[in-house]
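Being a predicted model, the structure only gives us computed values, none of them experimental.
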Amino acid sequence: MNISYDQIPKKKFSKELFSLDTKLETDHITNFLKTSTYKTLRKKGAVVGISGGIDSSVVVALCARALGPENVLGILLPERESSPESKELALRLAKKLKIQTIEEDITGILEGAGCYERRNEALSRLFPGFGEGWKAKIAISGNLLEEGTLNIFQAVVKDPDGNSFQKRIPLKEFMQVVAASNFKQRSRMMMLYYHAEVRNYVVAGTPNKNETELGFFVKYGDGAMDINPIGHLFKTQVFQLAEYLEIPWEIRERTPTTDTYPGGSTQEEFFYRIPFDLLDAIWMGTDAGFSIIEIADELNLPAFQVQRVVLDIKAKKQSTQYLRSHIIDINDMS
């Protein structure tokens, strides 16, 4: 349920103004899931890719509550570089929810597409000898509150002996690493649609508002779905729902990650550059009409830091607009 900002009192900015009525929000989403699945799309249930992360855990819990656990299928989609913790936590939640699960290891698909080879080729141009046994991740240098720099990506690698190296990654290598790594999200979604079509189920998406509106998703990968239950919720609000839905604390306390890079890149260091509680508070505050000064005073931050976050939000929205665009059809051209 979207926040009605015109109903928020303007006396004083506070993060508490944006707290969810978790029961009301749960009822709102479960009603949406029932209507969109059974009436609008005329499907029999839902498929959800489960990873042990907070977003997929909340979505699968909401689907089980709305459609019944017998009509929800959780798909585990590991590959050879996945964290073992992802599978363990996903299975623990599935058992709690009493939903059926299927595991599909997509390593073979990725090897056939050259995912690892293409990525490693780009990284080996920066780090001679990079290959099997090495770990790597992509991170943005610096904290958004501490530095007013552009989003400069660094490649961080570790060799089999445990020695770490870091370099600024040039655009050519960065684009190749990302393009190759995106095979993972697109292969996962391909498998979800297979199981959905076999059962006449919908694919329930897991992106939240931060990911959808700032462009932290792969087009036709994790950005593909039939229904979008939490796309209107900020990350911090997803955590609020998780507590209400009694998602296991191990999942709620886990650092958000895409589980894409073998070096274990977190969402904050790869993309956001700021903790979610601050990002969401500043974003919601500006959307609600509070001034930079009001927000800064409440968060005990200098106004220039809040302004920096606001500008970064706008820049991310603008630069990733193509990810949210529909197919350009020749019939739409004037």
Side-chain angles (χ1 to χ4, degrees), residues 47-53 55-57 60 73-95 99-127 129-139 155-160 162 173-199 201 203-207 216-225 251 254-267 270:
V47 163
V48 184
I50 53 176
S51 63
D55 298 311
S56 66
S57 297
V60 76
L73 178 65
I75 309 291
L76 290 82
L77 297 156
E79 41 93 14
R80 73 187 195 195
E81 295 177 338
S82 298
S83 166
E85 185 183 29
S86 297
K87 177 180 176 179
E88 178 185 341
L89 292 175
L91 288 175
R92 191 177 306 174
L93 177 63
K95 183 177 180 180
I99 65 167
Q100 180 187 358
T101 62
I102 291 177
E103 180 176 338
E104 292 279 9
D105 191 310
I106 61 170
T107 299
I109 297 174
L110 297 176
E111 289 175 337
C115 169
Y116 310 112
E117 181 182 1
R118 297 171 199 266
R119 181 201 63 199
N120 292 353
E121 178 189 38
L123 289 171
S124 66
R125 294 200 291 269
L126 294 178
F127 307 97
F130 183 92
E132 295 300 321
W134 287 60
K135 294 186 180 299
K137 65 181 179 181
I138 303 296
V156 184
V157 303
K158 183 180 291 187
D159 68 19
E173 281 70 29
F174 172 77
M175 293 181 69
Q176 184 171 337
V177 168
V178 171
S181 299
N182 285 349
F183 276 119
K184 296 186 178 185
Q185 282 83 359
R186 293 189 174 113
S187 297
R188 291 167 186 161
M189 189 54 64
M190 179 175 66
M191 196 62 72
L192 292 182
Y193 268 97
Y194 167 79
H195 285 286
E197 290 172 359
V198 165
R199 294 165 177 78
Y201 279 13
V203 171
T206 62
F216 189 57
F217 64 91
V218 176
K219 195 167 188 176
Y220 305 121
D222 51 338
M225 65 199 81
I251 294 176
R254 189 184 188 197
T255 301
T257 175
T258 58
D259 201 15
T260 299
Y261 295 97
S265 181
T266 68
Q267 292 183 359
F270 178 76

Asn182 and Lys219: CA distance, side-chain angles, deciding distance, side-chain contact (heavy atoms from CB on, under 4.5 Å) verdict: CA-CA 9 Å; Asn182 285 349; Lys219 195 167 188 176; over 6 Å; no

Ile251 versus Gly52, closest heavy-atom pair with distance: CG2-O, 3.6 Å

Heavy-atom side-chain proximity of Thr101 to Ile50 below 4.5 angstrom: yes

side-chain hydrogen bond (donor to acceptor under 3.5 Å, both in side chains) partners for Tyr194, two or more places apart: none

pair Leu93-Val60: side-chain heavy atoms closer than 4.5 Å: yes

Which atom of Leu123 lies closest to which atom of Ala155, heavy atoms considered: CD2-CB, 4.2 Å

Check: Pro207 and Met225 side chains under 4.5 Å, non-hydrogen atoms: yes

Reported CD-to-OG distance for the pair Glu79 and Ser187, which is rounded to 0.5 angstrom: 9.5 Å

Validation row: His195, Tyr201 side chains within 4.5 angstrom (heavy atoms): no

Minimum-distance pair of heavy atoms, taken over all atoms of Ala180 and Cys115: O-SG, 3.3 Å

Geometric cation-pi criterion, Arg118 with Phe183: 6.0 Å, 45°: no

Interatomic distance, Gln176 atom CD to Ser181 atom OG [nearest 0.5 angstrom]: 10.0 Å

Listed partners of Glu173 passing side-chain hydrogen bond (donor to acceptor under 3.5 Å, both in side chains), at least two apart: Arg125

Check: Met189 and Leu192 side chains under 4.5 Å, non-hydrogen atoms: yes

Enclosure of Glu111 CD (heavy-atom neighbours >12, cutoff 6.0 Å): yes

Which atom of Tyr116 lies closest to which atom of Leu110, heavy atoms considered: OH-CD1, 3.4 Å

Check: Arg254 and Ser57 side chains under 4.5 Å, non-hydrogen atoms: no

Arg188 and Asp222, any side-chain heavy atoms less than 4.5 Å apart: no

Ser82 side, atom OG; Lys184 side, atom NZ - distance, nearest 0.5 Å: 6.5 Å

Ser56 side, atom OG; Ile75 side, atom CD1 - distance, nearest 0.5 Å: 12.5 Å

Those residues that, when tested against Arg92, pass side-chain contact (heavy atoms from CB on, under 4.5 Å) (two or more places apart): Glu88, Leu89, Glu250

Selection residues 99-110 - residue pairs positive for salt bridge (charged side-chain N to carboxylate O under 4.0 Å, His left out), sequence neighbours left out: Lys87-Glu103

Residues which pass ring-ring contact (aromatic ring centres under 6.0 Å, His included) with Phe130, listed by chain and number, not counting sequence neighbours: Trp134

By salt bridge (Lys or Arg N to Asp or Glu O under 4.0 Å) - contacts of Glu121 (at least two apart): none

Thr206 side chain vs Asp55 backbone, donor-acceptor pair below 3.5 Å: no

